[in-house]
K.L.:
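So that we are looking at the same thing, I have put the structure below in structure tokens.
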2 protein chains.
Amino acid sequence: MTERSTESRRPTIKQVARLAGVSHQTVSRYLRSRDGLKPTTLARIDAAVSELNYRPNLVARSMRTRRTGRLAVLLPTMVFNPARMLHGATEAAHEAGFTVEAISVIGDTEARTERMLELAGTGQVEGILALAPLSPRGEDQLPHGETIIVAADFDDQMRGIGELADASPLVEIIERLAELGHRRFFHVAGNLQFASARARKTAYLETVERLGLESAGVVDGDWSGKSGYDAVRSLADEEMPTAVVAANDVVASGAIRALVDRGLDVPGDVSVTGWDNNEVCLYLPPSLTSVEINLEGMGRNAMLSLVKAVTGRDLEPAPRPLQHVIWRESTGPARPR
Amino acid sequence: MTERSTESRRPTIKQVARLAGVSHQTVSRYLRSRDGLKPTTLARIDAAVSELNYRPNLVARSMRTRRTGRLAVLLPTMVFNPARMLHGATEAAHEAGFTVEAISVIGDTEARTERMLELAGTGQVEGILALAPLSPRGEDQLPHGETIIVAADFDDQMRGIGELADASPLVEIIERLAELGHRRFFHVAGNLQFASARARKTAYLETVERLGLESAGVVDGDWSGKSGYDAVRSLADEEMPTAVVAANDVVASGAIRALVDRGLDVPGDVSVTGWDNNEVCLYLPPSLTSVEINLEGMGRNAMLSLVKAVTGRDLEPAPRPLQHVIWRESTGPARPR
DNA sequence: CAAGACATAGTGATCGTTCACTATTTGCGG
DNA sequence: CCGCAAATAGTGAACGATCACTATGTCTTG
């Protein structure tokens, strides 16, 4: 009791207190805010802290305060580069005094949902932002309503902010292509577990209908280049569209390859559009007409709604719009018949 | 929504114990391993746990055990898709009973190092795996040598596993291109803060030297398409190489565009190689000769060395090789003069 | 100068779990 | 049925911080 073997262990608040000649509670006050301490006391604690190189044990603090100050972000698997969204989200969380940890779950939607429930149930984080699709059963099984979950890309059953699924640029794409004389379109969709893929598909169908255009159909894909390639290969010559609207740039690259393999020129015979503004597609000829996404802004706004739900605080949202079409070489006027 | 009582707290181990009619310690034993409990006791606890929907409070557990079971992975900013490496790392950590959290730090190397020190100092994680470059000062300032840090892409001053920086495929690329008659090469390097970029640059210089080839020089870039574009544009006509070895696929795409803009054909006039096997580069013509990386394997092996350092346990490494060249349309025989 | 208000500092309880012991029950040979 | 070891279960302290409350010091004020 008298002499602990203290050397190997990190210093505690009591050791700081003893060294500074004050009570542990005074040191605790010092840690939270330095107001309300006499300057001499403050100086003594300052000295003790730096002499011991003391840092508070956040686990112990969390235990007592029942707050972890941590938010989790659930990332999808291998689908798109989440780094930029993560940055926007992290920045917003920092402003609200939170730490962010990103959790990448191996496996499918069910596995991800399971892991999310585990995280929520063991009190490790105060909130979870899911950028990946979750299973609808998640909502019910939430243990005690303490961990708040916001899903950014799942708007059917759970709260979703919908911004990720804003497909309005696709409407602009089709309208503009129609102005350029295109009459027959084709859409290769992404993985329909994603709200964004569903929204783009819906926007495609509605816009084609509204403008009285023809459609060679919609193929449900999985965001892969192969899905774009296969979809275009599956078309018969006589049903070939003059414009292919792909769910993203990777799908578009597969579609372009299939068109080239069939001896068609892009954009001479067929125009192609993507989504994401992939850096490679900006350079490789033909440079791809795509949708630039402010991923940091998306991440920020998604995190904003989580922070709002957890703390009630409102932060400044990212400036709009978050997406806009960039027209490049892969699109052009429809070839007259 | 159902109303939730403000006082509803998560059930604790003692509540479970009371409901099951046993002591809290018995429940604790149940949580750790179910051996050594009488079947009837076990069944009673089972029932109590599921009735209360109990999950242990991991913060409290961490407090007592002084172990968090968490490892952190520090990710680089916007440079490459870390999701796949993260998966490999997570899988390996799971095998060793750890949870992984990925931390993406806004800012430069210094900011990242600062955040790492903070993480290490507050006892939040047991180890840190840095996939992003760190500042060398990190090593010294480590508070109490408790948190172990392994840097996967920083091999100058800190421990590094080096695998990420294995540039041997680049040697193979140059040798093969030399066999195809190429004599004059050019290299656009990546951000030299990365060990991988340095290794590729070194391998380029050494191999060109060893084989007695000519070099149009090395341009230090930043992994961006623009750096590839600008590097090729900066070349005078008379110094134009017949083969451009780019640090990665994005750089290669910029280089290809610059070559095409100058009226050169790829691979007719100039062969181009990349690195990463970007999916888009597989489809867009000309498909790019690149280096396929087993990113999951890289992540796994990086995590292995962290797990080894933290626990002493050896896990099964990923099967080798982790990288191999895939030859595609962007490379071909040198055009005879 | 006494008394109350305010500023500052201290004491002990507490968060939920595991650790280190101690206590009780069970099993089994003689 | 006894005795003793092994199996099983219980008791209270400890982890390192904050919270709620109490205690002391200092400054006004009538």
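Numbered from 1 within each chain, the chains take letters A, B, ... in sequence-line order. Computation of the quantities below employed the complete heavy-atom set of this structure, encompassing side-chain atoms and omitting hydrogens, waters and symmetry-equivalent molecules.
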K.L.:
Return yes if the base of dT18(D) and the side-chain atoms of Arg64(A) contain a donor-acceptor N/O pair under 3.5 Å, otherwise no.
P.N.:
yes
K.L.:
Contact class for Val59(B) (heavy atom, under 4.0 Å): base, sugar-phosphate, or nothing?
P.N.:
nothing
K.L.:
Under 4.0 Å, heavy atoms only, any strand: does Ser62(A) hit a base, just the sugar-phosphate, or nothing?
P.N.:
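Contact class for Ser62(A): none.
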K.L.:
When you measure from the side-chain N and O atoms of Tyr30(A) to the phosphate of dA17(D), is any distance below 4.0 Å, counting only OP1 and OP2?
P.N.:
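No, Tyr30(A) has no side-chain N/O under 4.0 Å of OP1/OP2 on dA17(D).
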K.L.:
Once you round it to whole Å, what is the distance between C1' of dT18(C) and CE of Met63(B)?
P.N.:
11 Å
K.L.:
Would you say Arg67(A) reaches dC15(C)'s phosphate, i.e. side-chain N/O to OP1/OP2 under 4.0 Å?
P.N.:
no
K.L.:
Let me know the distance between CG of Leu42(A) and P of dA7(C), rounded to the nearest Å.
P.N.:
17 Å
K.L.:
Let me know the distance between CG of Asn57(B) and P of dT17(C), rounded to the nearest Å.
P.N.:
5 Å
K.L.:
Run the salt-bridge test on Arg67(A) and Glu126(A) with the 4.0 Å N-O cut-off and return the result as yes or no.
P.N.:
yes
K.L.:
CD1 of Ile13(B) versus C1' of dT14(C): gap in Å, rounded?
P.N.:
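Going from Ile13(B) (CD1) to dT14(C) (C1'), I get 17 Å.
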K.L.:
Nearest 0.5 angstrom please: Leu131(B) CG to Leu86(B) CG, how far?
P.N.:
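If I round to the nearest 0.5 Å, the distance is 8.0 Å.
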K.L.:
Which nucleotide wins on minimum distance to the side chain of Arg61(B), given the candidates dG16(C), dT18(D), dT17(C)?
P.N.:
dT17(C)
K.L.:
More 5' along DNA chain C: Pro56(B) or Arg29(B), using each one's nearest nucleotide?
P.N.:
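Closest to the 5' end, via its nearest nucleotide, is Pro56(B).
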K.L.:
Would you kindly give the NZ-to-P distance between Lys38(A) and dT24(D), to the nearest whole Å?
P.N.:
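Rounded to whole Å, this separation is 15 Å.
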K.L.:
Has Ser23(B) got a side-chain N or O lying under 4.0 Å from the OP1 or OP2 atom of dG10(D)?
P.N.:
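True: Ser23(B) side-chain N/O within range (under 4.0 Å) of dG10(D) OP1/OP2.
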K.L.:
Rounded to the nearest Å, what distance is computed from the NZ atom of residue Lys14(A) to the P atom of nucleotide dA9(C)?
P.N.:
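Between P of dA9(C) and NZ of Lys14(A): 19 Å.
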K.L.:
Hey, what do you get for OG1 (Thr26(B)) to CD1 (Ile45(B)), rounding to the nearest 0.5 Å?
P.N.:
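CD1 of Ile45(B) is found 6.0 Å from OG1 of Thr26(B).
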K.L.:
Check whether any side-chain N or O of Ser28(A) sits under 4.0 Å from OP1 or OP2 of dT18(D), and answer yes or no.
P.N.:
yes
K.L.:
What about His24(B): does its side chain form a donor-acceptor pair under 3.5 Å with the base of dT18(C)?
P.N.:
yes
K.L.:
Measure CD/Gln25(B) against P/dT24(C) and give the value in whole Å, please.
P.N.:
17 Å
K.L.:
Kindly compute the distance separating CZ (Arg313(A)) from CG (Leu304(A)), expressed to the nearest 0.5 Å.
P.N.:
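Interatomic distance, Arg313(A) CZ to Leu304(A) CG, rounded to 0.5 Å: 10.0 Å.
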K.L.:
Is the phosphate of dG10(C), meaning OP1 or OP2, less than 4.0 Å from a side-chain N or O of Thr26(A)?
P.N.:
yes
K.L.:
Round to the nearest Å and state the distance from Leu37(A) atom CG to dT8(C) atom C1'.
P.N.:
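The answer, rounded to whole Å, is 8 Å.
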K.L.:
Looking only at atom types and distance, does a side-chain atom of Ser62(B) sit under 3.5 Å from a main-chain N or O of Leu58(B), one as donor and one as acceptor?
P.N.:
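Here the side-chain-to-backbone pair exists.
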